[in-house]
Amino acid sequence: MLRAWIAAAAVLMSASGAHAAERPRVAITVDDLPYAHGSPEPVTRTDAARATEINRVLLKAFKAHHAPAVGFVNQQTAERIGAPAGAHVLKAWTAPGFDLGNHLYAHDDTNALTTEQIEQQIMQGEPMIRDALARAGRKPRFLRFPFNHTGDTAAKHDAVAAFMATRGYRLAPCTIEAEDFAFNRPYELALKRRDQETAARIRKAYVDFTAAEIDWYAKLDSQVLGREAPHVMLLHASVLNRDAVSEVLALFEQRGFRFIALDEALKDSAYATPETVTKFGPMWGYRWARALGVKVRGQDEPERPAWVGQYAGG
Ligand SMILES: [Zn+2]
């Protein structure tokens with residue numbers, strides 16, 4: 001009996017071991033720190049408490065779900081929420097060991113900037129993350145462009161890529177997103193109107209759409225690469241994610257994903273695929289498809305429900 005049990009346990013262990021090796025993996029990234037605003041107006045000092053709360057809740061969820069995460073900072077936003085809140089939010093990330101990356105100083109579209117202006121934005125976007133990371137004995141390593149616009153011409157792309165490398169940056173790609181910014185604007189509006197019922201509906205629609213997009217991008221990337229590579233999820237530091245982050249992380253857990261650090265994900269050879277030059281900001285699965293000459297059906301990607309945008313008049 002004991003021997004049978006040991007044999008059964010051994011089979012179970014080896015099965016779970018094999019299963020663990022095949023588990024899909026995802027690195028979590030959060031853009032527009034310290035606060036991805038739901039309206040076009042600039043962030044001000046009056047947003048300091050809200051920004052602090054958003055980041056506190058996000059970090060609590062990442063700890064609870066054992067998800068290493070990288071936050072990408074617009075230093076201009078950190079300056080606009082003022083001292084000391086701006087710097088405090090960034091230190092709240094680095095003190096417990098979370099990473100920060102450069103998302104350029106302002107959130108300008110690099111397609112409209114010259115190479116020199118982009119380089120200026122990178123340098124101007126660095127001091128506060130450098131300071132927050134230095135306190136944890138680290139340096140800035142990752143950079144993500146606003147709108148994932150990595151350079152709309154080959155000349156600009158290559159010049160900026162070379163500049164980034166000299167400053168010790170690696171480009172942070174992302175493979176899954178669910179247009180959280182498009183749900184966040186109506187969500188903030190519903191909360192402002194004290195329309196709790198609509199807010200709850202928007203939140204549910206966002207989580208459902210995220211589930212559909214996780215499945216879509218997992219399938220897309222597997223088709224393009226012929227295997228499962230680690231994913232990188234793109235979220236924003238928004239009120240919506242303050243209220244939905246645990247549900248979003250649970251979606252990955254329900255699908256058997258393991259959370260990993262961004263640098264671990266980027267070790268996969270998929271991320272060494274030569275970059276395609278584009279003026280758009282698609283997820284990396286679409287870029288890989290173009291680079292590798294694989295035909296994909298982008299028109300089949302799930303669409304976010306129209307009523308969500310209509311609520312905010314857009
Ligand atoms: Zn952004």
Side-chain angles (χ1 to χ4, degrees), residues 26 28-43 47 50-51 53-55 57-58 61-62 65 69 71-72 74 77 103 107 109 144 146-149 174-220 231-255 257 280-286 296-314:
V26 64
I28 303 293
T29 60
V30 185
D31 281 12
D32 299 9
L33 259 61
Y35 179 21
H37 213 192
S39 80
E41 290 104 62
V43 171
D47 296 305
R50 178 170 278 190
E53 174 68 2
I54 289 168
N55 287 276
V57 175
L58 290 177
F62 297 147
H65 291 261
F72 287 88
N74 297 120
T77 311
H103 197 36
H107 202 279
D109 182 351
R144 177 174 286 150
F147 314 104
N148 281 309
H149 287 174
C174 41
T175 65
I176 309 173
E177 61 107 17
E179 298 175 57
D180 60 345
F181 51 89
F183 287 86
N184 181 57
R185 184 155 183 242
Y187 185 68
E188 275 202 17
L189 198 64
L191 292 182
K192 207 169 152 190
R193 291 173 179 163
R194 301 185 191 282
D195 182 355
Q196 298 297 343
E197 197 191 314
T198 302
R201 279 180 65 214
I202 294 170
R203 203 167 61 235
K204 185 180 181 307
Y206 165 57
V207 173
D208 290 347
F209 185 65
T210 304
E213 288 286 56
I214 291 170
D215 295 339
W216 165 260
Y217 282 113
K219 212 172 112 190
L220 177 85
H231 289 278
V232 180
M233 178 70 186
L234 165 61
L235 299 169
H236 288 82
S238 63
V239 170
L240 175 66
N241 282 319
R242 175 196 68 189
D243 297 347
V245 65
S246 292
E247 287 172 88
V248 169
L249 295 175
L251 293 174
F252 285 105
E253 288 161 346
Q254 287 153 15
R255 286 160 176 75
F257 276 83
F280 303 109
M283 291 297 97
W284 261 252
Y286 290 117
V296 295
R297 289 183 53 86
Q299 65 268 38
D300 291 345
E301 183 176 338
E303 278 185 40
R304 106 184 102 86
W307 65 265
V308 174
Q310 282 155 6
Y311 180 79

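FYI, the numbering just counts along the sequence from 1.
Partners of Phe183 by ring-ring contact (aromatic ring centres under 6.0 Å, His included), not counting sequence neighbours, listed by chain and number: Tyr206, Phe209. Every residue meeting the ring-ring contact (aromatic ring centres under 6.0 Å, His included) condition with Phe147, not counting sequence neighbours, appears here in chain and number order: His107, His149. Looking at residues two or more places apart in sequence or on another chain, you find a ring-ring contact (aromatic ring centres under 6.0 Å, His included) between Phe181 and His236.
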> Going through the checks in order, is the side-chain contact (heavy atoms from CB on, under 4.5 Å) test met by Val245 and Phe62?
Replying inline: CA-CA 9 Å; Val245 65; Phe62 297 147; 3.9 Å; yes
> Stepwise, does the side-chain contact (heavy atoms from CB on, under 4.5 Å) test hold for Asn55 with Tyr35?
Replying inline: CA-CA 8 Å; Asn55 287 276; Tyr35 179 21; 5.9 Å; no
> Hey, mind stepping through Leu191 and Asp243 against side-chain contact (heavy atoms from CB on, under 4.5 Å) and telling me if it holds?
Replying inline: CA-CA 11 Å; Leu191 292 182; Asp243 297 347; 4.2 Å; yes
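Annotation: side chain of Asp195 is in contact with side chain of Glu197 (closest heavy-atom distance under 4.5 Å). Looking at heavy atoms from C-beta onward, Val232 lies in side-chain contact with Arg144 at the 4.5 angstrom threshold. The closest side-chain heavy-atom distance from Thr77 to Leu33 is not below 4.5 Å. The side-chain heavy atoms of Asp215 and Arg255, taken from C-beta on, include a pair separated by under 4.5 Å. Contact annotation: the side chain of Arg185 approaches that of Pro40 to within less than 4.5 Å [non-hydrogen atoms, C-beta and beyond]. Looking at heavy atoms from C-beta onward, Val248 lies out of side-chain contact with Asp180 at the 4.5 angstrom threshold. The closest side-chain heavy-atom distance from Met283 to Ile176 is not below 4.5 Å. A heavy-atom distance below 4.5 Å is found between the side chains of Trp216 and Asp300.
Contact detail for Gly38 and Glu188: the closest heavy-atom pair is N-OE2, 3.4 Å. Taking each heavy atom of Pro34 and Ala51 in turn, the nearest pair found is O-CB, 3.8 Å. What you find for Arg242 and Val57 is that their closest heavy atoms are O-CG1, 3.3 Å. Heavy atoms only, all atoms of each residue included: Ile202 and Ala190 are closest at CD1-CB, 4.4 Å.
The distance from the CG atom of Asn184 to the CD atom of Glu179 is 13.0 Å, given to the nearest 0.5 Å. Between the OH atom in Tyr286 and the CD atom in Glu301 there is a gap of 3.5 Å [rounded to 0.5 Å]. Atom-to-atom distance recorded for Asn241:CG and Leu58:CG is 6.5 Å, nearest 0.5 angstrom. To the nearest 0.5 Å, the span separating CZ on Phe72 from OG1 on Thr29 amounts to 6.0 Å. Atom CG of residue Leu249 and atom CE of residue Met233 lie 9.0 Å apart, to the nearest 0.5 angstrom. Taking CD of Glu303 as the start and CD of Glu213 as the end, the distance is 10.0 Å to the nearest 0.5 Å.
Both tests do not hold together for Arg201 against Tyr311: distance to the six-membered ring centre under 6.0 Å, angle to the ring axis within 45°.
Environment of CD in Gln254: crowded, with over 12 heavy atoms of neighbouring residues, nucleotides or ligands closer than 6.0 Å.
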